[in-house]
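In what follows, a structure is listed as structure tokens, so that the remarks can point back to it.
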Amino acid sequence: MSSSRNASRVFFQAVLRRPSLIGGVWPSSPALAARLASVIPGSGDPVVVELGAGSGAVSDGITARLGTRGRYLGVELDEELAGLLRENYPHMEVLNANATELGKLLADRGVDAVDAVVSGLPWALIGEQGQREILGHVAETLQPHGVFTTFAYVHALGMDNARRFRRLLEATFDEVLLTRVVWANLPPAITYVCRRPR
């Protein structure tokens, strides 16, 4: 698991370095991380992909749920954050790349199907075409029983970008559920749980 002091420092340096690519002002809370990780199968050897792994806040929740079972791949665009992930999460295969390349990234590593995709990507900062590409790759690689989950900040749910993203989720998946608010997060957030790609 990550050293919280080191992870926080690297996270804030990434925010200052690339503010247009880092969607949060603070890493996700343990409560939000646990909520997101709860979709991962509790037994067997699942293949799990984390998009936008950042400084490892959600990775802590995934690691707690997954342990050393299965295969765990994390995609992170920022090179320094990717380096931090490699140091702190030896079970994670860290891919320093753009999530829009997810299909190729997985194919290059012999992964043709995944059981869970957990996303911490800042969807509001990703254009509609990029959103469609990423969700398309997710839909193509999920097992029939697979689950995709991501989160959104409560205060932003009424914004045009958030509504558009919700419509895109509903166009991509047969089932899109919203969970209760995670108040123990800054800012408070809800999670989407999506199943059965169309």
Side-chain angles (χ1 to χ4, degrees), residues 14 18 20-24 28 32-33 36-41 45-59 61-63 65-66 69-86 89 91-152 161-162 164-176 191-198:
R18 306 176 88 171
S20 65
L21 296 178
I22 309 293
S28 298
L32 179 57
L36 290 164
S38 68
V39 304
I40 295 170
D45 293 306
V47 177
V48 178
V49 175
E50 181 182 3
L51 302 178
S55 61
V58 174
S59 310
I62 293 172
T63 299
R65 175 84 172 166
L66 190 62
R69 296 181 297 119
R71 190 169 180 186
Y72 177 18
L73 302 97
V75 180
E76 174 50 51
L77 182 61
D78 186 271
E79 187 173 349
E80 290 191 35
L81 289 174
L84 178 72
L85 293 167
R86 288 189 184 98
Y89 301 93
H91 185 52
M92 182 195 298
E93 298 174 50
V94 180
L95 314 180
N96 181 203
N98 195 312
T100 58
E101 303 169 18
L102 180 62
K104 182 179 186 308
L105 293 171
L106 295 178
D108 288 349
R109 286 154 184 83
V111 177
D112 55 6
V114 301
D115 298 284
V117 178
V118 178
S119 174
L121 291 173
W123 296 105
L125 301 180
I126 301 171
E128 185 174 2
Q129 181 58 34
Q131 291 177 358
R132 288 183 182 279
E133 288 179 21
I134 295 167
L135 291 178
H137 290 307
V138 170
E140 288 170 4
T141 58
L142 271 183
Q143 297 268 24
H145 62 268
V147 183
F148 169 72
T149 188
T150 190
F151 70 92
N161 282 348
R164 184 187 70 206
F165 181 66
R166 170 74 185 271
R167 289 194 298 270
L168 185 54
L169 286 176
E170 291 173 342
T172 307
F173 298 93
D174 181 55
E175 178 180 81
V176 178
T191 62
Y192 294 107
V193 178
C194 308
R195 295 182 175 90
R196 298 190 299 279
R198 294 185 185 277

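Heads up: numbering here begins at 1 and tracks the sequence.
Taking the charged nitrogens against the carboxylate oxygens, R69 and D45 have no contact shorter than 4.0 Å, which rules out a salt bridge.
Partners of R71 by side-chain hydrogen bond (donor to acceptor under 3.5 Å, both in side chains), not counting sequence neighbours, listed by chain and number: E93. For E101, there are no side-chain hydrogen bond (donor to acceptor under 3.5 Å, both in side chains) partners, not counting sequence neighbours. Residues forming a side-chain hydrogen bond (donor to acceptor under 3.5 Å, both in side chains) with N161 (at least two apart in sequence, or on another chain): none. Applying the side-chain hydrogen bond (donor to acceptor under 3.5 Å, both in side chains) criterion to N98, with sequence neighbours excluded, gives T100.
Listed for the N96 side chain is a donor-acceptor partner under 3.5 Å among the backbone atoms of L77. The backbone N or O of S119 sits less than 3.5 Å from a side-chain atom of T150, completing a donor-acceptor pair. Without hydrogens or angle criteria, E76 side chain to G54 main chain gives a donor-acceptor distance under 3.5 Å. Remark: the backbone N or O of A113 is not paired with any side-chain donor or acceptor of T141 at under 3.5 angstrom. In terms of modelled atom types and a separation under 3.5 Å, the side chain of D115 and the main chain of V47 share a donor-acceptor contact.
Annotation: ring pair (Phe, Tyr, Trp, His ring centres under 6.0 Å) contacts involving residues 126-151, sequence neighbours excluded, comprise F148-F173, F151-Y153.
The heavy-atom pair separating S55 from L84 by the smallest distance is O-CD2, 3.8 Å. Shown here for A97 and V75, the closest heavy-atom pair between the two residues is O-CG1, 3.5 Å.
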When the side chains of residues 125-134 are checked against the rest of the protein, which donor-acceptor pairs come out under 3.5 Å, sequence neighbours left out?
unit_1: E128; atom_1: OE2; unit_2: R132; atom_2: NE; d: 3.4
unit_1: E128; atom_1: OE2; unit_2: R132; atom_2: NH2; d: 3.0
unit_1: Q129; atom_1: NE2; unit_2: E133; atom_2: OE2; d: 3.4
unit_1: Q131; atom_1: NE2; unit_2: W123; atom_2: O; d: 2.8
unit_1: Q131; atom_1: NE2; unit_2: I126; atom_2: O; d: 3.1

